[in-house]
Amino acid sequence: MTKTVLAIDDSASIRQMVSFTLKSAGYEVLEAVDGQDGLEKAKSHQIGLVLTDQNMPRMDGLTLIRTLRTLPQYKTTPLLMLTTESSDDMKQQGRAAGATGWLVKPFDPQKLLEVVKKVIG
Amino acid sequence: MSYDLSQFYPVFFAEAAEHLDAMESLLLGLNHQAPDAEDLNAVFRTAHSIKGAAGTFGFTDMAELTHILEGLLDRVRKGELGLSDPLVDACLQARDVLHKQLATHRDGAPSDPDAASVIADRLAAFSISLQAPQLASTSASVSAGLVLEFYLPGSVPDQALLAEKLCRELSDFGNTHVLSSPSVEGQLWRIHIESCEDAEGAVGVVEFLAHDVHAITDESGTIAQQGGARKIQEESAFGLFEPEPAHADNEVESAYGLFSENMPTPNADSGDDSYGFFSALPPIAETITPPANKRLAANVDTTIRVGVDKVDLIINQVGELVITHAMLQQIASALDPVTFERLHNGLAQLERNSRDLQASIMTMRMVPISMAFSRFPRVVRDLSVKLGKQVELKISGESTELDRGLIERIIDPLTHLIRNGLDHGIESPVQRRAKGKSEVGLITLKAYQLSGTVVVEVGDDGAGLDRARILTKARERGMQVHDAMSDQAVWALIFEAGFSTADVVTDVSGRGVGMDVVKRNITALGGRIDIESMVGIGTRMTVRLPLTLAIVDGMSVAVGGESYIIPLGYVLESLQPDDAMVKRMGGVERLIQIRETYVPLIVLHELFGVRNALTDFSQGIIVLLEVDGRRAAVFVDALLGQHQVVIKSLETNYRKVFGIAAATIMGDGRVAFVLDAVALVSKANAAVQAAA
C-alpha cells in the first residue's frame with residue numbers, strides 16, 4: 001500500500017522538487033500551497049505523512065500542526081516541519097505544537113528521502 | 001539515485017521573479033509611519049521564500065543576499081527597526097540586485113558580484129546603526145576589543161551554524177559580531193568581541209574547533225563591521241557542549257533531527273542532525289493506511305504555467321483549422337444544398353466551433369496590463385526623488401487585458417511618457433504653490449477597453465504644453481508652422497524627430513530623442529497616440545492599441561492573380577480613379593489628385609513585379625491609406641472583401657521583404673501577403689519629397 005505524503009509549501013519550486021522526489025520513490029504525493037489549503041486537504045484525504053513549511057501566507061506551519069493534532073485522525077500521524085531556521089527556539093515551538101520532527105532547509109532530495117523513509121518506511 | 005535539480009529551475013525562476021515583483025510593489029506601498037503588519041509580513045515572506053528555494057537549488061548568491069535582507073525585514077516586522085526612506089531604498093536596491101542575479105542564472109546575463117557586496121554592506125549598516133546606542137552605553141567601561149581570525153575544518157557541513165555556536169560560546173567574553181563569514185569553505189572567518197578581558201580564554205575556545213587562529217587587539221573596543229555583520233543575541237548564549245541532552249552528539253551538524261523522548265539516543269544511528277523527531281515514531285507498519293480513495297483530488301491550484309511558444313503553437317494550429325474549414329466550405333458550396341443539407345449544417349456548426357475555439361485560445365495570450373503598470377510606481381518614486389518633486393501616481397484599470405506581445409512592447413513608450421510628464425509636466429513644489437496648486441503633483445495612468453482597442457491614458461496635472469514655445473522651437477528648426485495652426489497640429493509637432501522644448505536638457509528625459517521614437521513604436525504596434533493639453537491644468541497622452549497582434553482585420557485586394565491584405569486600421573477610403581487624376585513628378589514618382597490634395601501613388605504590381613495586373617488606372621481601384629497623418633494611395637485591380645486574418649511571420653519563415661509585414665493563408669488555401677502600410681506610406685512620401 002503506497003502511503004500518501006501531503007507536501008505543503010508556498011514555494012512552487014520546492015513543492016515540485018519534494019513531489020518529484022517522493023513520487024519517484026513510489027509515494028503518492030498531494031500538494032498544498034499554504035497551511036489553510038493543507039488543512040483542507042488533510043481533512044479530505046487519508047494522509048500518511050505531512051511535510052509542512054513554516055512560513056506561509058494564510059496559515060503557518062506551526063498553526064497547521066497544532067490544528068491537525070486536535071483532529072482525531074491526526075493524533076499519531078507523523079508531522080514534519082520544513083524550516084529554514086534551525087534554532088532551538090524554533091525546535092521547541094515545533095515540539096510544543098506537536099510536530100514529530102523537523103528538516104532544515106535547504107535540503108537535497110537524498111536527505112528528504114532518507115528522512116521520509118525513516119518515518120513511514 | 002541521483003536527482004537533477006535543474007529540472008526545477010524554470011519553476012524557481014518564474015517563482016522568484018514573481019516574489020521579487022511582489023517585494024517591490026509591497027515595499028513601494030508601505031506606509032512608513034504606520035506600516036500594516038500584514039504588509040510587513042508579506043514582504044518578509046517574499047525574501048524568506050526566495051532564500052529557501054534559492055538555497056535548495058544551489059543559487060547561493062541569491063540565498064546569501066536574501067538571508068541578509070530577510071534578517072533586516074524580520075527586525076522591521078518585529079518593530080526592532082523603524083521604517084525609513086533610506087531603509088526602503090536599500091531594500092529596493094537589494095531587490096534589484098537579486099533581480100540581476102536571477103537574470104544571471106536564468107539568461108546567462110553577466111554577473112556583478114560587486115553590486116551584491118555593496119548592497120550587503122548597505123543592508124548591514126542598518127543593523128549597525130540599530131546597535132549604536134548599545135555601543136555608546138557600554139563605551140564608558142570599554143576595554144580593548146578583540147578580533148579573532150581563524151579557519152573552520154572543511155569536514156563540517158554547516159559552517160555558518162558552527163560559527164553561530166562559536167559566537168554564542170564567545171559571548172561569555174563580550175558582545176560578538178561576525179565580521180566575515182565566507183561562503184566558501186576554507187576561507188578566513190573573522191569574529192569581533194567587544195571589550196574582551198580574557199583574550200586567552202576566547203582564543204582557547206576557538207582553537208578547540210578551528211585552526212590557524214589569530215587574535216588581533218582592537219584598542220577602541222568597537223570596530224567597523226563589514227558586509228553581512230550580524231550581532232548574536234546575548235540571551236541565547238548556550239554552551240557549545242551543553243546543548244539539549246536528547247541530541248547532544250550531533251548538535252553541531254544539525255541540519256535535521258528526530259526528536260524522541262522515548263528513545264534514549266534518538267540520532268545515534270543517523271549521525272546527522274539536519275532533521276529530527278520530537279516524539280517516538282509509531283512503528284512503521286501501523287501507519288499503513290486502509291485503502292484510501294485512489295483518486296486523489298486534483299491540486300486546487302487554479303492556474304498552470306505554460307510556455308508562450310506552446311500557446312502560440314495552438315494559435316497557429318487553430319488558424320490552420322479555420323483555413324481547413326474554409327476549404328471544406330468552398331468545396332461544399334458547389335454541392336446541392338438540398339441533397340447535402342446535413343453536410344452544410346455540419347459545416348456551419350464546425351465553423352461556429354472553430355471560431356469559438358479560436359476566440360478562447362486568443363484569450364490565453366491576453367494578460368492584464370498590470371504586468372506593465374506594476375513597474376511604474378518604482379519609476380515615479382525614483383524619478384520624483386531625483387528631481388526633487390513630490391508626485392503621486394494613480395493607476396486605474398490595471399486588470400484590462402492585452403496581448404502579451406503588446407504588453408512587452410508598450411512598456412518602453414509608456415515609461416517615456418511617464419518620465420516626460422514628471423520631468424517636463426509636473427512643476428517644482430515651489431512653482432506649484434505659487435500657482436495655488438497642491439505641492440504634490442499627480443500622474444494618472446489609466447487603461448480601458450473601447451470597441452476592440454485598448455486605450456491607455458497617461459496624464460499629469462502639471463503646466464501643460466506651451467504653445468508659443470513649441471511654435472518658436474519649430475520655427476528654429478525650420479519647420480513649416482504658422483500661428484493659426486490648431487492646438488492638435490501644434491501638439492503633434494513634439495513628435496517630430498529631434499524636437500525638444502525643455503529649457504534644460506536633463507538626463508531624465510534625454511536629449512529630445514524620445515517622443516518621435518515613442519510615436520514610431522506605438523505606430524509600429526498598429527496603435528496611435530493623441531495629445532490633449534491645457535495651460536496650467538495638465539497634459540493627457542492617449543495611446544490606442546489593437547487588442548492583439550496575432551489577428552488583424554484586413555481588406556483583401558487583388559493584383560494580377562495574387563491577393564494582398566491591407567490592415568483595415570490604415571484604410572481611409574477607396575475610390576475609382578480616372579487617368580487624369582494621376583500625375584507624374586520628376587519623371588518617376590506618381591501623385592494622384594484626390595479632391596484638393598495630391599498624395600503619392602504606389603502601384604502594387606510594379607512594386608512586387610506581379611504580371612497580368614491591370615495597368616489602366618481607370619479600370620482599377622485606389623485604396624487611400626493614412627499612417628501618422630501621412631497619406632499614400634495604393635493602386636490595385638479590385639477589392640475582394642474584409643477578413644480577419646491570422647498573422648504568420650514572414651521573417652521567421654523566410655526573410656524580411658520590403659512592403660510586406662506578414663503572410664496569411666486565405667480560405668481557399670492560398671497564401672496572401674499582408675502589406676506593411678507603415679513602411680509603404682513613409683517610403684512613398686520620402687520618395688516624392690526627394691523628387692520635389
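Keep in mind the model is a prediction, meaning the values are calculated, not measured. The chains referred to below are lettered A, B, ... by the order of the sequence lines, with proteins before strands, and numbering in each begins at 1.
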Handout entry: Toward chain A: residues of residues 11-23 of chain B with heavy atoms under 4.5 Å
Key = Val11(B), Phe12(B), Glu15(B)
Practice task
May I have the step-by-step check of side-chain hydrogen bond (donor to acceptor under 3.5 Å, both in side chains) for Asp53(A) and Ser11(A), ending in yes or no?
Solution key: CA-CA 9 Å; Asp53(A) 185 29; Ser11(A) 162; over 6 Å; no
Practice task
Mark yes when over 12 heavy atoms from residues, nucleotides or ligands other than Lys310(B) sit less than 6.0 Å from its NZ; otherwise mark no.
Solution key: no
Handout entry: Under 3.5 Å: donor-acceptor pair, side chain of Lys75(A), backbone of Arg69(A)
Key = yes
Exercise for the section: Spell out, as yes or no, whether a donor-acceptor pair under 3.5 Å connects the side chain of Tyr74(A) to the backbone of Ala42(A). Expected result: yes
Practice task
Pick one of side chain, backbone, both or neither for Leu5(B), based on which atoms fall under 4.5 Å of a heavy atom in chain A.
Solution key: side chain
Handout entry: Expected output: side-chain Thr63(A) to main-chain Met59(A) donor-acceptor under 3.5 Å
Key = no
Handout entry: Lys41(A) side-chain N/O to Glu31(A) backbone N/O, donor-acceptor pair under 3.5 Å
Key = yes
